[in-house]
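The structure under discussion appears below in the form of structure tokens.
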Amino acid sequence: MDLQWGFLIAIAGLLLSYLTYQFNKQKETKTDTRQDAEIKAQLNYISKGVDEIRLDQKASDRKIGELSIQVAKIDESNKSLHKRVDSLEKERKAD
């Protein structure tokens with residue numbers, strides 16, 4: 001009879017161990033799934049941020065290009081002005 005009780009206790013211990021293992025495995029899977037979802041959400045957030053930075057960079061590049069054109073026009077106008085001023089100074093000195 002003692003052997004039967006020992007055998008039943010051993011089977012109950014194995015069953016309890018197996019059920020505990022399965023419970024922890026499911027819990028670990030849920031935790032891993034939650035962490036994966038959080039990581040994906042963070043990567044999406046980072047990706048959107050990078051896309052916005054690229055758009056801002058393109059807009060800045062466009063503005064810099066426009067400013068470069070304006071500076072070139074102003075520079076040409078300034079050169080023309082200096083030529084006119086120089087010619088006026090020569091005329092004044094000649095008088």
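- Separating the NZ atom in Lys83 from the OG atom in Ser87 is a distance of 10.5 Å, to the nearest 0.5 Å.
- Note that the CG atom of Leu81 and the CD1 atom of Ile74 stand 12.5 Å from one another [nearest 0.5 Å].
- Here the CD1-OG distance, from Ile53 to Ser60, works out to 11.5 Å after rounding to the nearest 0.5 Å.
- In this structure, Lys63 NZ and Leu67 CG are separated by 9.0 Å, a value rounded to the nearest 0.5 Å.
- In summary, the side chains of Gln57 and Asp61 do present a donor paired with an acceptor at a separation below 3.5 Å, with no hydrogens or angles considered.
- Here the side chain of Thr20 pairs a donor or acceptor atom with the backbone of Leu16 at under 3.5 angstrom.
- For the pair Gln35 and Asp32, the minimum side-chain heavy-atom distance is below 4.5 Å.
- Counting heavy atoms from C-beta on, the side chains of Ile11 and Phe7 come closer than 4.5 Å.
- Listed for the Ser68 side chain is a donor-acceptor partner under 3.5 Å among the backbone atoms of Ile64.
- Annotation: the span from Leu19 atom CG to Asn24 atom CG amounts to 11.0 Å, rounded to 0.5 Å.
- Taking NE2 of His82 as the reference point, atom OG of Ser77 lies at 10.0 Å (rounded to 0.5 Å).
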